[in-house]
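Heads up, the thing below is written out as structure tokens.
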Amino acid sequence: MADDATSVRSVDQRAERLRPFGATIFSEITGLARAHGAVNLGQGFPDEDGPAILKDAAARALREEHNQYAPLGGVPAFAEQIARRARLGRAVDPATEVTVTSGCTEAIAATMLGLVNPGDEVVLFQPFYDSYRACLAMAGATARYVTLRRDGGRFTFDPDELRALCGARTRAILVNSPHNPTGTVFSREELSVIAEVCRERDIVAVCDEVYEHLVYDGEHVSLASLPGMAERSVVCSSLGKTFAMTGWKIGWTVASPELTAAIRSAHQFLVFSVATPLQHAAAAALGSDEAWAWVEAMRERYRGNRDALSAALSGIGFDVCGAEAGYFVMAGTGPIAEKLGVQDGGWRDTDLCKRMIEEAGVACIPPSVFYADPDDGNGHGHLRFAFCKRREVLDEAIRRLRRWLGG
Ligand code: GLN
């Protein structure tokens with residue numbers, strides 16, 4: 001008979017609600033890239049740190065003894081900066097409408113756990129960021145999906161598909177714009193459709209806007225700024241993408257006092273509060289013209305990276321989709337099928353990614369993992385390449401892909 005220790009070790013210990021998810025694709029691809037010495041254009045993180053002013057402010061905060069628990073809503077000076085920059089179309093009260101979280105990922109988790117009852121439905125746009133679905137599973141909610149389909153150079157959705165999905169059980173719609181992985185920035189018209197559905201059916205909009213300051217074409221409009229939306233939106237964002245400090249894990253929510261109370265009811269038991277010295281540094285960053293000038297320069301650098309990578313991938317034969325914002329470019333793989341000696345559609349993007357790591361020495365992300373049903377919306381037909389890297393890293397990846405595929 002197995003003793004206790006053996007049975008604990010031989011059985012999958014994960015709770016049933018988390019078994020469908022496995023390890024995140026980011027850890028898996030980064031591990032494979034390391035093992036094969038591949039250039040890693042997979043996980044989206046910058047390979048250069050953000051501005052020195054943030055590090056100096058953080059070091060100062062550590063030395064000045066800002067090292068005990070912050071208030072659970074956040075350090076007041078930081079909450080004030082967040083409130084000042086919020087785009088709800090009205091003033092925001094930092095004390096009752098802002099909550100500082102451990103990155104945007106916790107912002108979304110606390111929102112879902114704080115607002116959603118088991119059995120409620122939450123609408124996601126697929127492809128979706130991978131944590132959303134796991135969050136809903138942890139909250140006991142049911143995910144419903146609207147598929148973003150490629151229409152030339154961007155991805156969009158069918159308003160009727162969204163309308164048909166939303167009913168009496170729909171508690172929230174999670175809207176990620178600018179969108180990861182497609183790089184689409186939802187237009188005012190697209191957002192108006194979502195706003196109308198939310199208003200008509202009394203649905204909360206949860207807006208993941210972490211790429212709000214990395215827009216290259218067009219303009220980012222916050223769904224919360226549309227008529228009637230300020231009171232029914234939770235706007236989630238973070239410091240990491242804007243200031244190239246993804247490891248700081250400083251995010252936040254902005255929402256009405258009632259929604260904020262619900263978010264905080266979960267946040268207080270998840271993490272209670274977030275790293276105090278980093279919040280002081282974040283307050284300094286948001287209030288610093290020098291830091292914002294740095295962001296502006298980074299955006300221009302990334303625009304150049306996007307253009308260079310897109311042009312190179314097109315030259316190699318990929319059917320590149322124009323990224324309007326963010327860190328990533330989606331490259332359609334149909335046209336390279338022949339070069340690889342496979343039938344278009346005859347592969348899974350996950351297999352193609354592994355082959356690219358092994359044969360070309362370049363890693364990227366297979367977007368099918370961001371779909372509930374990858375066969376709907378051509379989920380296997382693209383690869384996601386990160387361009388938030390130094391130019392010489394991108395150039396090396398391009399050289400390797402050319403060697404592999406020609407072009
Ligand atoms: N947001 C990043 C991406 O999409 C990765 C975040 C993570 O590693 N969890 O690549």
Side-chain angles (χ1 to χ4, degrees), residues 18 21-34 38-50 101-110 112 124-138 148 155 174-185 206-215 236-252 270-271 298 302 305-306 309 321 323-331 349-350 353 356-357 362-371 379 382-390 393-394 397:
L18 289 171
F21 302 108
T24 84
I25 191 68
F26 307 112
S27 315
E28 188 187 338
I29 294 291
T30 293
L32 280 174
R34 278 211 190 101
V39 179
N40 190 357
L41 304 188
Q43 194 173 24
F45 62 92
D47 55 6
E48 283 176 310
D49 281 355
T101 57
S102 180
C104 189
T105 304
E106 195 247 327
I108 289 164
M112 291 305 166
L124 303 181
F125 290 87
Q126 66 172 355
F128 44 76
Y129 185 57
D130 71 339
S131 80
Y132 298 168
R133 212 149 70 111
C135 270
L136 296 186
M138 288 191 273
L148 295 173
F155 282 71
L174 209 167
V175 182
N176 172 213
S177 180
H179 185 258
N180 174 13
T182 65
T184 289
V185 181
V206 181
C207 313
D208 174 350
E209 302 187 352
V210 291
Y211 296 104
E212 60 183 320
H213 295 291
L214 295 176
V215 176
C236 306
S237 193
S238 81
L239 195 81
K241 307 288 189 301
T242 302
F243 291 95
M245 295 294 205
T246 59
W248 281 25
K249 298 297 294 175
I250 298 287
W252 57 82
L270 284 171
V271 300
M298 174 183 68
Y302 283 0
N305 286 359
R306 174 201 65 168
L309 183 62
C321 186
E324 296 168 325
Y327 277 174
F328 311 108
V329 64
M330 290 277 270
D349 60 348
T350 37
C353 265
M356 190 180 288
I357 291 170
V362 176
C364 63
I365 296 290
S368 63
V369 300
F370 304 138
Y371 287 79
H382 289 83
L383 297 175
R384 191 197 81 170
F385 292 89
F387 56 77
C388 49
K389 307 289 174 184
R390 278 171 295 130
V393 173
L394 295 179

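Counting starts at 1 for both ligands and their atoms, following the listed order.
Here Asp47 does not pair with Lys389 in a salt bridge; the nearest charged N to carboxylate O distance is not below 4.0 Å.
Atom numbering of ligand 1 starts at 1 in the shown order; those under 4.0 Å from a heavy atom of Phe26 are 3 (C), 4 (O), 7 (C), 8 (O), 9 (N), 10 (O). Per-residue contacts place Arg384 under 4.0 angstrom from the following atoms of ligand 1 (heavy atoms of the residue considered): 3 (C), 4 (O), 10 (O). For ligand 1, the atoms closer than 4.0 angstrom to any heavy atom of Asn180 are 4 (O).
If you check the side chains of Glu209 and Ser237, you find no donor sitting under 3.5 Å from an acceptor. Counting only N and O atoms by type, the side chains of Asn180 and Arg384 include a donor and acceptor under 3.5 Å apart.
From the protein, the heavy atom lying nearest to atom 2 (C) of ligand 1 is Gly44 O, 3.7 Å. With respect to atom 8 (O) of ligand 1, the closest heavy atom belonging to the protein is Gln43 NE2, 2.6 Å.
Remark: Arg306 fails to qualify as a cation-pi partner of Phe387 under the 6.0 Å distance and 45° angle criteria applied to the six-membered ring.
Here atom 9 (N) of ligand 1 lies nearest to Tyr129 when heavy atoms of Phe328, Phe370, Tyr129, Phe45 are compared.
For the pair Tyr211 and Gly326, the tightest heavy-atom approach, listed with the atom from each and the gap, is CD2-CA, 3.6 Å.
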